[in-house]
Amino acid sequence: MWFHKKLRIAILISGRGSNMQAIIRAIQRKEIAGKVVLVLSDREDAAGLDFARKNGIPARYLYPGSFKTKLDGDAELAYIEAIRKSEADLIVLAGFMRVIKPAFLRAFAGKVINIHPSLLPKYRGLHTHRRALESGDSETGCTVHFVNEQVDGGKRIVQARISILPDDTPETLAVRVLKKEHLILPKVVGMIARGEISESDWSDEPLLFEE
Ligand code: GRF
């Protein structure tokens with residue numbers, strides 16, 4: 001009997017969840033042989049939770065603890081436990097605004113990817129569009145990368161570029177970069193679902209996405 005295993009995907013969000021939506025829609029269009037088995041949010045009011053639930057995906061807020069930028073010990077364990085139970089093969093950080101710590105990474109070694117709105121290694125962390133403008137860069141973009149213990153520092157997988165125009169603002173850049181994010185994140189999830197790449201075999205040389 002032919003059996004084609006679907007990639008089981010857990011997605012972590014903190015807000016709007018438009019990158020999560022891009023993955024769900026790509027699965028619905030059968031561009032990814034996968035299934036989103038769990039969506040977790042560290043914010044109760046994340047709009048993305050509603051979209052996931054309306055699409056029949058188990059989605060819940062999970063208390064992140066008292067820290068603002070990371071999960072505290074007990075909360076981290078709760079996240080690890082929930083993801084383990086979902087039997088996810090891949091964990092996608094899609095606008096999840098917390099630093100991922102070693103215990104989490106050890107639990108899911110090589111299985112965590114992130115979307116970041118800059119051309120890494122430029123502008124790790126926050127306010128990427130403002131920093132690109134202030135530096136006078138002529139282009140910016142976004143990167144999907146494997147997650148390691150350095151913030152936004154893991155092996156880069158795919159990047160997409162856009163030109164910076166004279167009257168751009170952080171807001172206009174965010175809009176154009178986000179459109180590219182919605183293309184490259186499902187692309188990478190599809191590559192992983194087809195078994196084309198794995199963290200251990202991948203170099204840090206990103207593929208350049210061209211439409
Ligand atoms: C995206 O720009 C992502 O790169 C950044 O946060 C934003 C999340 O957007 N880390 P959304 O929640 O996926 O709409």
Side-chain angles (χ1 to χ4, degrees), residues 9-28 32 34 36 38-55 57 59-62 64 68-71 79 90-101 104-105 112-133 137 139-148 150-162 164 168-190 206-209:
I9 305 160
I11 305 180
L12 271 54
I13 62 170
S14 293
R16 170 179 65 179
S18 67
N19 279 290
M20 174 206 72
Q21 287 188 28
I23 294 170
I24 294 169
R25 293 209 162 102
I27 291 171
Q28 289 167 346
I32 300 171
V36 180
L38 179 66
V39 171
L40 292 178
S41 168
D42 63 340
R43 293 192 44 177
E44 212 161 5
D45 59 351
L49 287 173
D50 282 341
F51 180 89
R53 289 181 187 129
K54 283 185 185 133
N55 283 269
I57 294 165
R60 62 189 171 105
Y61 160 71
L62 201 51
K68 280 211 158 65
T69 56
K70 59 183 180 180
L71 297 168
Y79 273 74
L90 176 71
I91 297 108
V92 181
L93 309 181
F96 186 66
M97 301 305 284
R98 282 170 198 266
V99 171
I100 299 297
K101 295 187 297 175
F104 187 101
L105 291 173
V112 189
I113 63 170
N114 180 44
I115 175 86
H116 182 75
S118 79
L119 295 173
L120 290 171
K122 281 190 159 184
Y123 316 127
R124 294 176 177 174
L126 299 175
H127 310 301
T128 55
H129 305 307
R130 191 175 78 205
R131 289 156 71 199
L133 281 172
D137 293 355
E139 59 175 16
T140 186
C142 48
T143 307
V144 178
H145 64 93
F146 288 108
V147 175
N148 68 8
Q150 294 163 333
V151 176
D152 302 321
K155 292 177 182 174
R156 299 163 300 162
I157 308 169
V158 173
Q159 288 186 323
R161 294 166 187 266
I162 63 158
I164 297 181
D168 264 323
T169 64
E171 292 72 29
T172 61
L173 283 183
V175 170
R176 295 212 303 290
V177 170
L178 190 65
K179 285 188 185 149
K180 299 288 186 187
E181 295 180 37
H182 296 165
L183 298 174
I184 67 170
L185 186 56
K187 178 186 167 75
V188 171
V189 175
L207 303 174
L208 181 60
F209 178 83

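Read the numbers this way: they start at 1 and go in the same order the structure lists the ligands and their atoms.
Leu12 and Phe96 make their closest contact through O-CB, 3.5 Å (heavy atoms, listed as atom of the first residue, atom of the second, distance). The minimum heavy-atom distance between Ala22 and Pro186, with the atom names listed, is O-CG, 3.7 Å. Here the closest heavy-atom approach between residue Ile11 and residue Met20 is recorded as CD1-CG, 3.7 Å. The heavy-atom pair separating Asp42 from Tyr61 by the smallest distance is O-CE1, 3.4 Å.
The atoms of ligand 1 that sit less than 4.0 Å from any heavy atom of Ile115 are 4 (O), 10 (N).
The nearest protein atom to atom 12 (O) of ligand 1, hydrogens excluded, is given as Gly17 N, 2.8 Å; this is a heavy-atom distance. In terms of protein heavy-atom proximity, atom 8 (C) of ligand 1 is closest to Gly95 CA, 3.6 Å. Nearest non-hydrogen protein atom to atom 4 (O) of ligand 1 is Glu181 OE1, 2.7 Å. In terms of protein heavy-atom proximity, atom 9 (O) of ligand 1 is closest to Arg16 NH2, 3.0 Å. Among all non-hydrogen protein atoms, the one lying nearest atom 11 (P) of ligand 1 is Ser18 N, 3.4 Å.
Screening Glu181, Gln159, His116 against Thr143 for a side-chain hydrogen bond (donor to acceptor under 3.5 Å, both in side chains) leaves a single residue, Gln159.
His129 and Thr140 share no side-chain donor-acceptor pair at under 3.5 Å.
Not a single donor-acceptor pair under 3.5 Å links the side chain of Ser41 to the backbone N or O of Ala46.
Checked against a 3.5 angstrom limit, the closest N/O atoms of Leu178 and ligand 1 fall outside it. Checked by distance only, ligand 1 and His116 stay at 3.5 Å or farther apart across all their nitrogen or oxygen atoms.
Look at Ile13 and you'll find every heavy atom at least 4.0 Å from all atoms of ligand 1.
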